[in-house]
Structures are given as structure tokens and as C-alpha cells.
Student: 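Below is one structure. I have some questions about it.
Atoms within a ligand are numbered from 1 in the order they appear, just like the ligands themselves.
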Amino acid sequence: MGTGYTEAQLRAAVADAVRAPSLHNTQPWRFRLRDGGIEVSVDPTRRLPATDPSGWGTRISGGAALFNLRLSLAVAGTPATVRLRPYPADPDVLARLVPDLPRRPTPTEQSLYAAIGRRFSNRAPFWPDPVPADARWRLGEAARAEQCWLELVIGVSAVNAFAEVARSAHRVLERDPAYRAERADWVRTEPAPDGVPARAGGPQTEPQDLLPSRGFGGLDRAPGRDFEPEPLVAVLGAAGNTVVDQVLAGQALQRVLLTATDAGLAVSLLSQPIEVSGAREALRLSLGRFGTPQMVMRIGYGQPGVATPRRSVDEVLDVAVAPG
Ligand SMILES: Cc1cc2nc3c(=O)[nH]c(=O)nc-3n(C[C@H](O)[C@H](O)[C@H](O)COP(=O)(O)O)c2cc1C
């Protein structure tokens with residue numbers, strides 16, 4: 001065991017952690033060094049009250065950042081032992097990481113780490129090429145390695161049934177003016193360190209679209225550039241829906257996303273059917289699975305794009321209060 005992480009190690013790992021996805025790119029996370037351990041917390045001031053009343057999205061996002069943090073520390077040769085929800089009285093602290101025995105990173109850790117900077121949400125139409133079987137298998141393995149499951153929605157009728165559930169969840173959400181106002185608040189038309197840049201928001205929605213898009217963008221749609229008719233839809237789930245389950249799901253989400261990036265695949269996230277409880281239950285029943293769906297992904301081969309901005313490391317670090 002090492003004696004503890006240093007501030008330099010914390011800063012280097014947090015620079016990677018913040019590349020994680022988050023609801024509306026709110027980046028609802030904070031990091032600090034305490035007694036040689038790194039603590040990852042949600043930032044309750046950056047929760048979206050209308051879109052995310054339960055805080056589910058902050059914990060998925062925090063879990064995804066935690067996965068990057070673990071990976072970064074491992075690749076630097078200082079892997080961590082992680083305790084989730086270390087303080088029962090303080091559920092905002094999602095994890096505490098202390099140094100484990102130093103070791104070389106594994107090839108998987110290295111390739112997933114290399115994918116951190118290349119990953120981005122690709123909301124544009126994908127090419128019609130199918131995702132090969134070995135890549136599908138790798139994505140499922142990535143979820144299982146983080147104690148979660150990934151169910152692929154296979155076949156036209158299953159995809160259509162899923163799309164029906166997703167569209168009805170979308171309609172329920174869109175009826176709430178507070179939800180719509182929150183989304184508008186987080187779309188950025190000028191350079192900004194958070195929020196969804198309009199250029200990343202995907203094309204205008206059209207009536208023939210199978211899956212609902214969250215509506216960040218409104219980029220003009222090139223004629224004939226429709227979405228793929230039979231998208232690969234994957235549902236990520238956890239054993240349950242406790243805070244710990246959600247943090248596990250966030251880590252699994254990031255592992256699946258980095259595995260996809262490493263395999264040359266593009267992904268967009270689709271969480272409306274998770275955010276509406278009736279839709280989430282319908283989804284769970286349609287999959288015939290125990291446990292709780294935590295995220296939906298559309299996976300395929302996409303055009304190149306660019307990563308979205310993040311706040312600086314200084315803005316997400318808490319400086320520990322000196323004892324005494
Ligand atoms: C919990 C959660 C839910 C999300 N839901 C959606 C969604 O419904 N639609 C969407 O287009 N993007 C969704 N996203 C993606 C975020 O908008 C995206 O991660 C963020 O804007 C940062 O961009 P990046 O993924 O390109 O880094 C979600 C992300 C998280 C973590």
C-alpha cells in the first residue's frame with residue numbers, strides 16, 4: 001500500500017475524470033483529497049430539478065467520472081481500491097479511493113484510457129453497417145466487468161416496441177414547461193465550459209424519426225440524411241436502483257462507452273425512457289430482466305465529431321480544510 005495520493009496525482013486524474021458524460025453536460029461532480037484518499041461527490045448545486053428530481057443523473061454522471069478516475073490512476077501505475085458510498089450519513093460522497101499496490105496497467109486499461117479523449121455523444125444519423133458480433137460481445141463484457149448488464153434490443157419488432165415506449169416517455173417529459181426551460185438553459189450557442197453546444201446537439205427532429213431526440217440542437221438536416229432504420233439499441237441495467245446501483249451503472253456506462261470508442265463505434269445516449277417511471281417499468285418488463293434499466297444507448301458507425309468542453313480541474317476540486 002502507498003501512503004496516500006498526492007495533489008499532483010489527484011489533479012492529473014481529475015483532468016481525465018471530467019471528460020465523462022453528464023446530463024446536459026452539467027458536470028455535477030466534485031473531487032477532493034482527504035487523508036490521502038480521493039473522494040468523489042455529486043455537486044447538488046448542479047442537479048437539474050425538473051429533469052432529474054431524484055438525482056439519478058448526478059449519480060450516473062458521477063459514476064462515469066469515477067470510472068475515468070480509476071482508469072487514469074491505474075494507467076499512471078497507482079491503481080486504487082474503491083469504496084462506494086463510504087459515509088452512510090453522507091450519500092453525496094459517492095466513492096473514496098485509496099492507493100492499492102502499484103502495478104503495470106493492463107492492455108485493456110491502456111486502450112480504454114486512450115479512448116477517453118476520443119469519446120463524444122454522436123447524435124447524428126449512423127451508417128447502416130451492422131455492429132459485428134465480436135463488438136457486441138465486448139460491449140456486454142464491459143458492462144458485466146462493472147457488475148451491470150447490457151441487453152441488446154434485437155429485431156425490427158423489438159426495436160419498434162422500444163421506440164414506442166421511448167417516444168411516449170419523451171411526450172410525457174415535453175409536456176412539462178420546467179423540463180423544456182431547463183433544456184433550453186443548457187444549450188450553448190456561444191463558447192462555454194459546460195452545457196450542450198448547439199453544434200453537438202444533433203439534427204432537427206423529423207416526423208419519420210423512430211427514436212426521440214432530446215432536442216438540443218436544431219442543426220439543419222441534409223436532404224436524405226435520415227436516421228438508420230434499424231438502430232442498435234442497448235439497455236444498460238444494474239441489479240437494483242439504490243445509490244450504489246446507480247454509481248455502478250455510471251461506471252459500467254463509461255466502460256461500455258470507452259469500449260465502443262475503442263472499437264470504432266459511435267454512441268448517443270437516450271434517457272427519456274429511464275426518467276419516466278412508467279416507461280422504465282415497461283422497458284424492464286419487455287426485457288424480462290430482474291434489476292433496473294439505468295441507461296439506453298444507440299450504437300453504430302458514425303461520422304467524426306469533436307469532444308465537448310469541460311470546466312477546469314480547479315473548478316471541481318475542493319481543498320480540504322486543514323485539521324484543527
Ligand atoms: C445520465 C445521462 C443522461 C443523458 N441523457 C441524454 C439524452 O437523453 N439525450 C442525449 O442526447 N444525450 C444524453 N446524455 C448525454 C449528455 O448530454 C452528454 O454526455 C453531455 O452533453 C456531454 O457531451 P459528451 O457526451 O459529448 O461528452 C446523457 C448523459 C448522461 C450522463
Student: Within the 4.0 Å heavy-atom shell around Phe120, which atoms of ligand 1 are there?
Tutor: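 Close to Phe120: 26 (O).
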Student: For the residue pair Tyr179 and Glu275, confirm or rule out a side-chain donor-acceptor distance under 3.5 Å.
Tutor: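 The answer is no; no qualifying pair exists.
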Student: Atom CD1 of Ile38 and atom CG of Leu33: how far apart are they, to the nearest 0.5 Å?
Tutor: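 Here the interatomic distance stands at 6.5 Å.
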Student: Does one hydrophobic cluster hold both Leu66 and Val93, with members joined at side-chain heavy-atom distances below 4.5 Å?
Tutor: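 The answer is no; the residues belong to distinct hydrophobic clusters.
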Student: Below a 4.0 angstrom heavy-atom separation, can you tell me which part of Leu270, side chain or backbone, both or neither, approaches ligand 1?
Tutor: backbone
Student: If we set the cut-off at 4.0 Å for heavy atoms, which region of His24 has an atom near ligand 1: side chain, backbone, both, or neither?
Tutor: backbone
Student: N/O of Glu275 under 3.5 Å from N/O of ligand 1, yes or no?
Tutor: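 No, since none of the N or O atoms of Glu275 sits under 3.5 Å from an N or O of ligand 1.
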Student: Working to the nearest 0.5 angstrom, can you tell me the gap between Arg183 CZ and Asp176 CG?
Tutor: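 Between Arg183 CZ and Asp176 CG, I get 10.5 Å after rounding to 0.5 Å.
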Student: Any heavy atom of Ala307 closer to ligand 1 than 4.0 angstrom?
Tutor: no
Student: Compare Arg183, Gln272, Met295 and give the one whose heavy atom is closest to atom 2 (C) of ligand 1.
Tutor: Met295
Student: Hey, does Leu269 come in under 3.5 Å of ligand 1, counting only N/O atoms on both sides?
Tutor: yes
Student: State the CZ-NE2 distance between Arg214 and His24, to the nearest 0.5 angstrom.
Tutor: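 These two atoms lie 5.0 Å from each other.
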Student: Hey, looking at atom 20 (C) of ligand 1, which of Gly305, Ser22, Ser121 has the closest heavy atom?
Tutor: Ser22
Student: I'd like to know if Asp194 and Arg188 make a salt bridge, using a cut-off of under 4.0 Å between side-chain N and carboxylate O.
Tutor: yes
Student: Does a donor on one side chain and an acceptor on the other come within less than 3.5 Å for Thr292 and Asn241?
Tutor: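 Side-chain D/A pair, Thr292 to Asn241: absent.
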Student: Do Arg123 and ligand 1 have an N or O pair less than 3.5 Å apart?
Tutor: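 N/O-N/O distance below 3.5 Å exists for this pair.
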Student: Taking atom types as modelled, is there a side-chain donor on Arg310 or Thr308 under 3.5 Å from an acceptor on the other?
Tutor: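 A pair is found: one side chain offers a donor N or O, the other an acceptor, under 3.5 Å apart.
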Student: Could you list which atoms of ligand 1 come closer than 4.0 Å to a heavy atom of Asn25?
Tutor: 20 (C), 21 (O), 22 (C)
Student: Which ligand 1 atoms, with their elements, are less than 4.0 angstrom from a heavy-atom of Val196?
Tutor: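 Those atoms are 21 (O).
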Student: Looking at Arg144 and Glu141, is any side-chain nitrogen of the basic one under 4.0 Å from a carboxylate oxygen of the acidic one?
Tutor: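 Yes, Glu141 and Arg144 are salt-bridged.
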Student: Can you list the ligand 1 atoms lying under 4.0 Å from a non-hydrogen atom of Pro21?
Tutor: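 That gives atoms 19 (O), 25 (O), 31 (C) of ligand 1.
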Student: How does Leu23 reach ligand 1, if at all, at less than 4.0 Å between non-hydrogen atoms: by side chain, backbone, both, or neither?
Tutor: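 Both backbone and side chain.
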Student: Is any N or O atom of Arg19, backbone or side chain, closer than 3.5 Å to an N or O atom of ligand 1?
Tutor: no
Student: Taking distance alone, with N or O pairs closer than 3.5 Å, would you say Ser61 contacts ligand 1?
Tutor: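 Between Ser61 and ligand 1, no N or O pair is found under 3.5 Å apart.
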Student: Pick out which of Ser121, Ser268, Ser213 makes a side-chain hydrogen bond (donor to acceptor under 3.5 Å, both in side chains) with Arg298.
Tutor: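 Exactly one candidate clears the test, Ser268.
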Student: Quick one: which ligand 1 atoms are inside 4.0 Å of a heavy atom on Arg119?
Tutor: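 So the atoms of ligand 1 that pass are 24 (P), 25 (O), 27 (O).
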